[in-house]
Amino acid sequence: MPLFPDTALPAAPRQKRRETPTTASAPLKDKALEIHRRLCGVYECPIPYFHSLDPLSELISSLLSHRTRNADSGRAFKALRARWPDWAEIEQASVEDIEATIRGVTWPELKAPRIKAVLAAVRERVGALSLDFLGDMSVDEARGWLEAIPGIGPKTSAAVLSFSTLRMPALPVDSHHHRVAQRTGLIGSKVDVGPSHAVLRAQLPDDWSAQKLYDNHEVLMLHGQRVCFHRSPACGRCVLLDICPTGQARAPAAAERP
C-alpha cells in the first residue's frame with residue numbers, strides 16, 4: 001500500500017468557486033450543525049489560522065505532516081527552509097540531503113523523494129514553482145488539479161486550499177476529525193478518511209465561508225485530541241455525549257465497572 005495514495009478528482013467548471021457537495025439527509029445535516037455549534041462553544045470559534053504559508057509551502061508542510069506529530073513536522077519544515085530558502089534549491093538538492101534534513105519526521109526516506117517528485121511535477125505542469133494560481137479556480141477544480149499529482153490525496157489538497165494564504169472554503173479531515181465523526185454517527189464505521197471528505201462536506205451548508213469550514217475541522221480535530229481519545233475516550237466530560245451513539249453505548253459499561 002503506497003504511503004501517499006494517488007487519487008484524482010474530476011475538475012469542476014471554472015465558474016463555481018466552492019466545492020460541489022454530495023447529498024446528505026436532513027437529520028445528518030442538523031446533527032452536523034449541532035455538533036459544530038456545541039464544539040465551537042467549547043473551543044471558541046472563530047479559531048485563528050495556525051499557518052500563513054503560501055500554497056506551495058503549505059503543500060510541502062502537509063506532506064511532511066503525514067503520520068507525524070505537528071511539532072516534529074514543523075521542525076522539519078523550518079529545517080528545510082533554513083538550509084534551502086528557495087524551493088528551487090530543494091528541487092535540485094539530493095534525496096540524501098533532504099532526507100537528512102527532515103529526519104525527525106515519520107518515514108523521511110519516503111518523504112524526501114516525494115518532495116522532489118512533487119516539486120518536479122509542479123514545475124512541469126506550471127513552468128514555475130508556485131501554486132498561487134489555484135486561487136483563481138473553484139475549490140473542486142483546484143483540488144482536482146492538486147490530486148492529479150501522484151501522492152496528493154483529498155486530505156492534502158483540502159489542507160493546501162484551507163490552511164494556506166489562499167484561505168479557500170475546503171474541508172480537510174484528519175484522523176482525529178474522522179474519529180469524532182465516526183463515533184458521533186456522522187459517517188459510518190467503514191468510511192475511510194479519504195471518502196469521508198465529500199460525505200462530511202455535504203453535511204455542512206453550501207455557502208459556508210472558508211473560516212467556518214476551517215473552524216469545523218479544527219473543533220472536531222481538537223475534540224479528538226482532548227476528549228475523544230483513540231483509546232479510553234473521556235465520554236463523561238464530552239459535550240456531545242447525549243447525541244453520540246458510541247458514548248451512549250459506553251456509558252452503561254463504564255457505570256458497571258468497580
Side-chain angles (χ1 to χ4, degrees), residues 1-20 51-68 73-74 76-103 105-172 193-194 197-198:
M1 183 177 182
L3 171 61
F4 300 96
D6 178 11
T7 56
L9 296 178
R14 289 186 67 89
Q15 69 268 20
K16 295 190 69 176
R17 180 172 178 79
R18 296 185 177 276
E19 209 165 11
T20 304
H51 269 175
S52 290
L53 299 174
D54 67 87
L56 181 59
S57 297
E58 186 61 56
L59 173 57
I60 303 303
S61 175
S62 295
L63 293 176
L64 288 170
S65 70
H66 184 74
R67 298 293 178 90
T68 300
S73 63
F77 181 82
K78 289 178 181 178
L80 276 179
R81 298 319 304 264
R83 185 168 183 179
W84 298 290
D86 193 308
W87 289 122
E89 295 175 308
I90 298 179
E91 185 185 18
Q92 299 302 319
S94 70
V95 170
E96 292 76 17
D97 284 346
I98 296 173
E99 180 181 340
T101 305
I102 64 171
R103 61 184 177 275
V105 302
T106 308
W107 302 314
E109 72 281 3
L110 298 178
K111 292 179 180 178
R114 174 57 58 200
I115 288 170
K116 280 184 64 73
V118 165
L119 290 173
V122 172
R123 171 84 69 184
E124 181 180 359
R125 298 179 69 192
V126 182
L129 292 180
S130 173
L131 294 176
D132 293 348
F133 67 91
L134 294 176
D136 296 327
M137 297 181 176
S138 71
V139 171
D140 283 345
E141 187 177 18
R143 292 188 69 180
W145 193 97
L146 287 167
E147 292 182 33
I149 297 175
I152 299 179
K155 177 186 172 184
T156 300
S157 70
V160 170
L161 301 186
S162 175
F163 300 159
S164 77
T165 51
L166 293 176
R167 301 291 194 251
M168 292 173 71
L171 180 69
V193 174
H197 283 75

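For this chain, numbers begin at 1 and follow the sequence in order. All values derive from a computational prediction rather than experimental measurement.
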I need the [X] [atom1] to [Y] [atom2] distance, nearest 0.5 Å.
X: E99; Y: S94; atom1: CD; atom2: OG; value: 9.5 Å
X: L119; Y: E124; atom1: CG; atom2: CD; value: 13.0 Å
X: T101; Y: W84; atom1: OG1; atom2: CH2; value: 3.5 Å
X: I149; Y: R114; atom1: CD1; atom2: CZ; value: 10.0 Å
X: M168; Y: S157; atom1: CE; atom2: OG; value: 10.5 Å
X: L171; Y: L161; atom1: CG; atom2: CG; value: 11.5 Å

Closest non-hydrogen atom pair between [X] and [Y], with its separation:
X: G151; Y: L63; result: O-CD2, 4.2 Å
X: E91; Y: L129; result: OE1-CD1, 3.5 Å
X: F77; Y: S57; result: CE1-O, 3.4 Å
X: W145; Y: M137; result: CD1-CE, 3.9 Å
X: P154; Y: R143; result: O-NH2, 2.9 Å
X: A159; Y: E58; result: O-CG, 3.8 Å

(request) Could you tell me whether the side chains of T106 and R67 share a donor-acceptor contact shorter than 3.5 Å? (result)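 Per modelled atom types, T106 and R67 side chains form no pair under 3.5 Å.
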(message) Quick one about S130 and W87 (side-chain donor to acceptor, distance below 3.5 Å, no hydrogens or angles considered), yes or no?
(response) no
(request) Please confirm whether the backbone N or O of A158 pairs with a side-chain atom of S162, one donor and one acceptor, at under 3.5 Å? (result) no
(request) Check for a donor-acceptor pair, side chain of K155 on one end and backbone N or O of H197 on the other, with a separation under 3.5 Å. (result) no
(message) Using the side chain to side chain donor-acceptor pair (under 3.5 Å) criterion, which residues pair with T165? Sequence neighbours excluded.
(response) none
(request) Please state whether the rings of H66 and W107 are parallel, tilted or perpendicular, taking 30° and 60° as the class boundaries. (result) tilted
State, yes or no, whether a side-chain contact exists between [X] and [Y] at a heavy-atom distance under 4.5 Å.
X: V95; Y: I98; result: no
X: V122; Y: L131; result: yes
X: P55; Y: D132; result: yes
X: I60; Y: I90; result: no
X: L80; Y: I115; result: yes

(request) Go through the steps to decide whether L59 and L53 satisfy the test side-chain contact (heavy atoms from CB on, under 4.5 Å), and finish with yes or no. (result) CA-CA 9 Å; L59 173 57; L53 299 174; over 6 Å; no
(message) Heavy-atom count check: over 12 atoms from other residues, nucleotides or ligands less than 6.0 Å from R103 CZ?
(response) no
(request) Run the numbers on S61 and K78 for side-chain contact (heavy atoms from CB on, under 4.5 Å), then give the verdict. (result) CA-CA 9 Å; S61 175; K78 289 178 181 178; over 6 Å; no
